[in-house]
**Student:** 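The structure that follows is given in the form of structure tokens.
Predicted model only: the values in this text are computed from it and were never measured. Below, read A as the first sequence line, B as the second, and so on, with proteins coming before strands; counting in each chain starts at 1.
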Number of protein chains: 2
Amino acid sequence: MRNRSVTYSTENTFRALADPTRRAVLDLLRKGSQPAGQIAEAFPVSRPAISKHLRLLRRAHLVTEQQRGRHRMYQLNPAPLKAVDSWLADYRRYWQMNLANLKTFVESEYARELGENAVKNPSSKK
Amino acid sequence: MRNRSVTYSTENTFRALADPTRRAVLDLLRKGSQPAGQIAEAFPVSRPAISKHLRLLRRAHLVTEQQRGRHRMYQLNPAPLKAVDSWLADYRRYWQMNLANLKTFVESEYARELGENAVKNPSSKK
DNA sequence: AATATGCGTAACCGTATAGTTACGCATTAT
DNA sequence: ATAATGCGTAACTATACGGTTACGCATATT
């Protein structure tokens with residue numbers, strides 16, 4: 001298997017990104033691989049706390065580790081972020097619309113009628 | 001205040017996206033505003049469960065609601081996703097690098113030396 | 001050989017999720 | 001006026017976080 005494109009669990013990826021500390025760890029690793037202890041020093045929480053964050057990041061395949069003597073070097077693996085990026089892609093065109101226009105549209109009578117229709121013709125629920 | 005650019009809590013945004021059901025709700029709302037009940041019908045979980053998801057999405061400002069008779073219309077607000085997008089931006093260039101090259105680099109003796117240096121010159125810790 | 005260092009894990013705690021069922025309050029329909 | 005509908009919330013449960021301290025095991029140092 002050479003360079004076969006790998007799929008990761010989008011679920012794990014989003015979950016891993018939910019915590020600000022973990023995002024900060026990734027940001028840190030963008031500057032280069034670092035051993036676990038050095039990563040921990042960058043944060044106000046205890047080393048075991050970081051160790052657990054690293055475990056989640058590992059599960060999400062957002063970092064890879066390799067033993068280097070008694071150190072564990074952590075390296076960023078941005079590949080799973082591609083899934084996040086492509087999920088976001090579908091939304092980009094939305095914020096490219098003028099949101100002010102959207103707002104006035106929603107508050108218009110036209111939208112109101114659409115809303116009523118959506119409600120009165122649920123086309124489900126009996 | 002007219003169209004003043006609003007900032008949202010990135011924290012809340014990422015947290016809201018962590019759950020697959022909530023992401024699916026957003027995906028659903030991309031097709032158009034819907035009342036809460038209709039949203040709930042699209043999922044295998046109970047209506048109150050969806051109601052709670054909607055609460056989190058509201059807190060994250062990813063949806064807006066408005067009373068429409070006895071219905072509550074939910075509408076997508078993609079604006080907070082811009083923060084996610086810009087966080088991701090810093091990573092895009094990484095997955096544009098050839099990851100195979102990166103891998104061989106990391107495993108090279110050169111990287112090994114860098115790694116050792118990083119360890120032996122922590123430039124912190126006493 | 002003995003000691004120090006790096007780092008993961010276990011055990012424990014408080015809080016937030018994610019789901020459930022039961023309930024209550026408006027609004028609409030009859 | 002009464003009944004039905006739409007939907008949020010309360011109360012409860014199980015699980016997962018995020019943090020802590022204590023511990024243990026390799027690897028390095030002296």
**Student:** Tell me which nucleotide among C:dG8, D:dG8, D:dC17 gets nearest to the side chain of A:R58.
**Tutor:**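 For A:R58, the side-chain atoms sit closest to C:dG8.
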
**Student:** Taking CD from A:Q66 and C1' from C:dG8, how many angstroms apart are they, rounded to a whole number?
**Tutor:**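 Rounded to the whole Å, the gap is 17 Å.
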
**Student:** Hey, can you pull the residues of residues 43-55 of chain A with a non-hydrogen atom under 4.0 angstrom from DNA chain C?
**Tutor:**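 Heavy-atom cutoff 4.0 Å gives A:R47, A:P48, A:S51, A:R55.
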
**Student:** Without decimals, in angstroms, what is the distance between A:L17 CG and D:dG18 P?
**Tutor:**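 Value for this atom pair: 12 Å.
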
**Student:** Any heavy-atom pair between the side chains of B:Q67 and B:R72 that's under 4.5 Å?
**Tutor:**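 A side-chain contact exists here, since the closest heavy-atom pair is under 4.5 Å.
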
**Student:** What is the distance, to the nearest angstrom, from the CD atom on A:Q38 to the P atom on C:dT5?
**Tutor:**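 Taking CD of A:Q38 and P of C:dT5, I get 16 Å after rounding.
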
**Student:** Check whether any side-chain heavy atom of A:R58 lies under 4.5 Å from a side-chain heavy atom of A:Y74, and answer yes or no.
**Tutor:**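 Yes - at least one pair of side-chain heavy atoms lies under 4.5 Å apart.
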
**Student:** Are the side chains of B:V63 and B:Q75 in contact, using a 4.5 Å heavy-atom criterion?
**Tutor:**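 Answer no - side chains too far apart.
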
**Student:** Roughly, in whole Å, what's the span from CZ in B:R59 to P in D:dG8?
**Tutor:**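 It is 13 Å, rounded to the nearest whole Å.
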
**Student:** Mind calculating the distance between CG (B:D19) and P (C:dA16) to the nearest angstrom?
**Tutor:**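 Nearest whole value for this atom pair: 17 Å.
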
**Student:** In whole angstrom, what separates A:R72's CZ from D:dA28's P?
**Tutor:**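 So the two atoms are 13 Å apart, to the nearest Å.
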
**Student:** Specify the residue among B:R22 and A:Y74 whose closest nucleotide of DNA chain C lies further upstream toward the 5′ end.
**Tutor:**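 With B:R22 and A:Y74 compared, the 5'-side residue is A:Y74.
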
**Student:** Heavy atoms, side chains only, cut-off 4.5 Å: are A:F14 and B:D19 in contact?
**Tutor:**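 Not in contact.
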
**Student:** On DNA chain D, nearest-nucleotide positions of A:R70 versus A:A18: which is more 5'?
**Tutor:**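 Checking each residue's closest nucleotide, the 5'-ward one belongs to A:A18.
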
**Student:** Over how many whole Å does the gap from B:Q34 atom CD to D:dC7 atom P extend?
**Tutor:**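 Distance, rounded to whole Å: 11 Å.
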
**Student:** Let me know, please, whether A:R15 or A:A36 comes out on the 5' side of the other along DNA chain C by nearest nucleotide.
**Tutor:**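 So the residue in question is A:A36.
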
**Student:** Is it true that B:R92 and B:D85 make a salt bridge, defined as a side-chain N closer than 4.0 Å to a carboxylate O?
**Tutor:**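 So B:R92 pairs with B:D85 through a salt bridge.
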
**Student:** Less than 4.5 Å apart, side chain to side chain, heavy atoms only: is that true for A:L29 and A:L62?
**Tutor:**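 Side chain of A:L29 against side chain of A:L62, heavy atoms only: no contact under 4.5 Å found.
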
**Student:** Give a yes or no on whether a salt bridge exists between B:R55 and B:E65, defined as a side-chain N under 4.0 angstrom from a carboxylate O.
**Tutor:**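 No, this pair does not count.
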
**Student:** Whole Å only: how far is the CD atom of B:Q67 from the P atom of D:dT5?
**Tutor:**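 Taking atom P of D:dT5 as the reference, CD of B:Q67 is at 19 Å.
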
